[in-house]
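We count ligands from 1, going down the list as the structure has it; atoms in each ligand are counted the same way. Only a predicted model underlies this, so the values are computations on that prediction, with no experimental measurement involved. Values reported hereafter were calculated over all heavy atoms of this structure, with side chains retained and with hydrogens, waters and symmetry mates removed.
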Amino acid sequence: MDKSQTFAEILDRARVILAAAPANAQAGRDGMLQQLCQLLADRVDYYNWVGFYIVEPGGTTLRLGPYVGEPTDHVVIPFGRGICGQAAATGKTFLIQDVSSETNYLSCSICVRSEIVLPIYKDAKVVAELDIDSHTLAPFTTEDEAALGELCRMTATLF
Ligand code: SME
């Protein structure tokens with residue numbers, strides 16, 4: 001797989017999906033987020049679970065939004081807990097190439113070997129996150145991080 005070409009195509013397609021976005025209508029937003037999850041899961045073979053967590057009103061918990069992959073028990077995650085909660089609390093991207101080396105980690109499936117979580121900012125606040133689990137050890141490169149970061153910046157318009 002030619003990563004740079006794949007990611008360029010993903011971002012082009014994401015622009016098309018997001019161009020149809022109705023402003024701040026939640027049903028429309030979730031539909032777009034669902035399409036973005038599907039796009040990522042379809043196009044990158046080592047993206048085995050792709051989902052969005054949304055910051056709840058009050059700003060101390062995350063709630064699972066649209067996703068593609070196996071259902072997870074982690075529907076509500078307090079800030080600070082697990083990789084997702086740490087990314088929300090710090091506002092930083094967490095790239096975990098080997099989840100077995102993480103102590104503050106919430107396991108969704110024993111198949112998951114690695115994970116990347118990127119915060120989505122709106123008006124300088126974290127409003128949501130993109131979470132991707134992989135069954136492959138250490139598959140993520142700076143190309144994944146850059147393309148997914150761009151996707152998150154584009155997605156911020158939905159919030
Ligand atoms: N592994 C995450 C929990 C969410 S699932 O991956 C879907 C974490 O440690 O926060």
Side-chain angles (χ1 to χ4, degrees), residues 1 3 6-7 10 13-14 17-18 26-27 29-122 124-156 158-159:
M1 156 186 164
K3 271 202 189 197
T6 299
F7 285 128
I10 286 173
R13 178 72 196 129
I17 291 170
L18 290 165
Q26 189 176 340
R29 183 193 76 187
D30 285 354
M32 308 272 166
L33 295 177
Q34 188 71 53
Q35 288 183 66
L36 294 174
C37 291
Q38 195 66 58
L39 172 68
L40 291 167
D42 285 349
R43 294 303 312 272
V44 184
D45 53 2
Y46 54 87
Y47 290 180
N48 301 113
W49 190 97
V50 180
F52 288 93
Y53 279 91
I54 319 291
V55 176
E56 293 204 288
T60 56
T61 48
L62 296 158
R63 179 171 289 275
L64 182 62
Y67 68 93
V68 167
E70 292 294 307
T72 173
D73 288 341
H74 305 297
V75 173
V76 177
I77 299 178
F79 275 35
R81 286 211 58 208
I83 311 298
C84 291
Q86 292 179 80
T90 62
K92 292 188 176 7
T93 292
F94 275 63
L95 202 179
I96 311 297
Q97 299 284 22
D98 178 0
V99 295
S100 73
S101 64
E102 274 299 306
T103 47
N104 190 358
Y105 170 67
L106 302 169
S107 175
C108 281
S109 146
I110 52 162
C111 298
V112 174
R113 309 289 302 279
S114 56
E115 177 164 6
I116 185 167
V117 181
L118 302 99
I120 297 170
Y121 279 88
K122 168 109 189 200
K125 278 195 172 153
V126 178
V127 289
E129 298 179 341
L130 173 60
D131 179 15
I132 299 178
D133 288 347
S134 178
H135 298 169
T136 303
L137 195 61
F140 303 112
T141 66
T142 51
E143 281 188 279
D144 295 71
E145 199 172 341
L148 296 172
E150 178 60 21
L151 186 74
C152 285
R153 281 188 289 280
M154 290 160 53
T155 305
L158 293 178
F159 292 89

Considering residues at least two apart in sequence or located in another chain, which fulfil the ring-ring contact (aromatic ring centres under 6.0 Å, His included) criterion with Y67? W49
Only heavy atoms of G82, strictly under 4.0 Å: list the atoms of ligand 1 that pass. 9 (O), 10 (O)
Just wondering, do L130 and T155 contact through their side chains at under 4.5 Å, heavy atoms? no
Should the proximity of Y67 to ligand 1, defined as any heavy atom under 4.0 Å, be assigned to the side chain, the backbone, both, or neither? neither
Heavy-atom nearest pair, L64 first then H74, reads CB-O, 4.3 Å
Sub-4.5 Å side-chain heavy-atom contact between Y105 and V112: yes
State the atoms of ligand 1, each with its element, that fall below the 4.0 Å cut-off from a heavy-atom position in D131. 4 (C), 5 (S), 6 (O), 7 (C)
Below 4.0 angstrom from a heavy atom of D133, which ligand 1 atoms are there? Numbered from 1 as shown, please. 5 (S), 6 (O), 7 (C)
In Å and rounded to the nearest 0.5 Å, what is the CD1 to CD distance from I54 to E129? 9.5 Å
Any side-chain heavy-atom pair from Q97 and P139 closer than 4.5 angstrom? yes
Closest candidate by heavy atom, reference atom 3 (C) of ligand 1, pool L106, V99, V50: L106
To which of G69, C108, C84 does the heavy atom nearest atom 5 (S) of ligand 1 belong? C108
Among all protein non-hydrogen atoms, which one is nearest to atom 8 (C) of ligand 1, and what is the separation to 0.1 Å? I83 N, 3.3 Å
Among protein heavy atoms, which lies nearest atom 2 (C) of ligand 1, and at what distance? E115 OE2, 3.2 Å
For Y53, counting its heavy atoms only, list the atoms of ligand 1 lying under 4.0 Å from any of them. 4 (C), 7 (C)
Side-chain touch Q34/V68, heavy atoms, less than 4.5 angstrom: yes
